[in-house]
Amino acid sequence: MTESTDISLAAKVIKGGGLVAFPTETVYGLGADALNPEAVAKIFTEKERPSFDPLIVHIASLDEIPRLTIGKDDRVYTLAKRFWPGPLTIVLPKSDLVPDIVTSGLPTVGIRFPNNPIALALIKSSGCPLAAPSANKFGRISPTTAQHVRKQLPNVDCILDGGPSFVGIESTVIALNTDGFVILREGFITAEDLRTVLPASNYPVDNDNKLSSPGLLNSHYSPQKPIFIEGEDSQKSAKFLEKASFLRGAYLSFSGRAPGCYGVIEYLSKTGDLREAAVNLFGALHRLEDNYQVDFIVAEPVPQREIGIAIMDRLKKAAYKYKK
Ligand code: AMP
Ligand code: MG
């Protein structure tokens, strides 16, 4: 594995059909040449990602849109003007240029123009769009630093270190329909933001809508120790917490609250700042996963507004397997 900030070296790896982990403003991505099916296959193997979960294609120029998609839709350019480069993925009908492995056989492709200079330089020097999911093992915590990538994917050909991601949560994924947009995955850009440029018809779509967005599973983003959301008890969590030693528990605080019974307190924010909490979420979960003094985590819920909706989405998915 090479670890470098040398973009031309990383671009060589991409051109040779290899994998490069690179920073984006949301989380670190694991990239391959999106037009090379063998290279894309390596992403699924390295991540242990199921083949039904489609990858997002990252571009650095709007000129790629007519190459990668069919059926010109002017709304894409309206959205691009307002939100790109940025944490918005738009699902569009795909052209034949996009291999089926990228889209898990779907007739559509998710496209994003990331807002990170290293990501954009890598795409440009590679000379191809990059298929890139988050650079973590499937189902586990997403990476927001190069160190997080190294922890889960030590065998990746090359990691570009661009420091911590400044959004910290994955992109909002939307599809366009005749009336407007539907949100397939919550993210930094909210329905309200999108409504400023497009009307919404059918919002929100529930997460069981696996046909339109097959990767949206109930369980995801999980640390390798039990995590619960405070106040969202189930029989299983009650049974666990009844016997637990709270001194070996961690409290993930959003408001600054620090209940004395927990051995460790980790702050997403000390003041209830949603933006700050989003940036800190995955980093805090990684630290708690690695902290040998911590056996379990209890997370304070965050308000379901603005980016708080995406934070709660990630926390609920992280906690899902420990609740059911
Ligand atoms: P990530 O794992 O963060 O790269 O996110 C990829 C997610 O974007 C997938 O799990 C899907 O939910 C969604 N996605 C990507 N491509 C498509 C597509 N063609 N149609 C619908 N959803 C997509
Ligand atoms: Mg992911």
Side-chain angles (χ1 to χ4, degrees), residues 19 21-32 34 40 43-44 46-59 65 68-71 73 76 87-114 116 119 129-144 148-149 152-153 165 167-177 181-189 202 204-223 278 281-282 285-286 310 313-314 317-318:
L19 302 183
F22 63 97
T24 81
E25 79 279 31
T26 59
V27 301
Y28 274 65
L30 182 62
V40 173
I43 295 180
F44 285 92
E46 185 64 32
K47 269 185 68 89
E48 297 162 26
R49 182 175 172 111
S51 59
F52 61 75
D53 192 356
L55 305 180
I56 292 169
V57 173
H58 294 71
I59 60 173
I65 300 280
L68 301 173
T69 68
I70 50 170
D73 189 333
V76 176
L88 177 69
T89 298
I90 310 176
V91 171
L92 296 167
K94 82 171 193 73
S95 74
D96 288 343
L97 197 64
V98 181
D100 287 334
I101 188 171
V102 171
T103 67
S104 302
L106 291 173
T108 53
V109 58
I111 302 213
R112 182 164 111 76
F113 195 138
N116 178 291
L130 295 184
S134 50
N136 53 283
K137 291 281 188 199
F138 182 72
R140 291 186 50 194
I141 311 169
S142 304
T144 53
H148 296 159
V149 178
Q152 289 188 28
L153 304 176
S165 300
V167 169
I169 266 189
E170 292 83 352
S171 62
T172 306
V173 180
I174 65 166
L176 300 175
N177 59 24
F181 67 88
V182 287
I183 292 193
L184 302 176
R185 177 177 70 188
E186 306 284 357
F188 181 71
I189 292 172
N202 181 15
V205 160
D206 80 26
N207 279 354
D208 292 334
N209 193 349
K210 303 229 169 58
L211 273 183
S212 56
S213 207
L216 295 178
L217 305 178
N218 289 326
S219 179
H220 213 126
Y221 315 109
S222 287
L281 177 66
F282 290 131
L285 289 176
H286 274 287
D313 168 72
R314 306 310 189 264
K317 286 180 176 161

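As the structure lists them, so they are numbered: ligands from 1, and atoms in each ligand from 1.
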| said: So does Pro54 get a backbone contact from the side chain of Arg49, meaning a donor-acceptor N/O pair under 3.5 Å? | reply: yes
| query | At a 4.0 Å threshold, what atoms of ligand 1 neighbour a non-hydrogen atom of Gly110? | reply | 16 (N), 19 (N)
| task | Answer with side chain, backbone, both or neither: which part of Arg185 has a heavy atom less than 4.0 angstrom from an atom of ligand 1? | result | side chain
| Just which atoms of ligand 1 are under 4.0 Å from any heavy atom in Leu106? | 18 (C), 19 (N), 20 (N)
| Going by the order shown, which atoms of ligand 1 are within less than 4.0 Å of some heavy atom of Val109? | 19 (N)
| request: For ligand 1, note which part of Arg49 has a heavy atom under 4.0 Å away: side chain, backbone, both or neither. | output: side chain
| Is the side chain of Lys47 donor-acceptor paired with the backbone N or O of Leu153 at a distance under 3.5 Å, no angle test? | no
| said: Whether the side chain of Thr108 engages the backbone of Val91 through a donor-acceptor N/O pair (distance < 3.5 Å, no angle test) should be reported. | reply: no
| query | Would you say Thr103 and ligand 1 have an N/O pair spaced under 3.5 Å apart? | reply | no
| query | Is a side-chain donor or acceptor of Ser104 paired with a backbone partner of Ser51 at a separation under 3.5 angstrom? | reply | yes
| request: May I ask you to decide if the ring planes of His286 and His148 are parallel, tilted or perpendicular, using 30° and 60° as cut-offs? | output: parallel
| task | Return the number of protein N, O or S atoms with a distance to the Mg ion (ligand 2) smaller than 2.8 Å. | result | 1
| said: Do Ser142 and Glu170 pair up side chain to side chain, a donor and an acceptor below 3.5 Å, judged on atom types alone? | reply: yes
| said: For atom 18 (C) of ligand 1, which of the options Thr26, Ile111, Thr108 provides the nearest non-hydrogen atom? | reply: Thr108
| request: Taking only heavy atoms of Asp53 into account, list the atoms of ligand 1 that are under 4.0 Å away from them. | output: 9 (C), 10 (O)
| task | Would you check if there is a donor-acceptor pair between the side chains of Ser171 and Thr26 at a distance under 3.5 Å? | result | no
| query | For the residue pair Glu48 and Phe138, what are the closest heavy atoms and their distance? | reply | O-CB, 3.2 Å
| remark: Correct closest heavy-atom pair for Thr24 and Arg112 would be OG1-NH2, 3.2 Å
| task | Any chance you could measure Leu30, atom CG, to Phe44, atom CZ, to the nearest 0.5 Å? | result | 11.0 Å
| Glu170 N/O under 3.5 Å from ligand 1 N/O | no
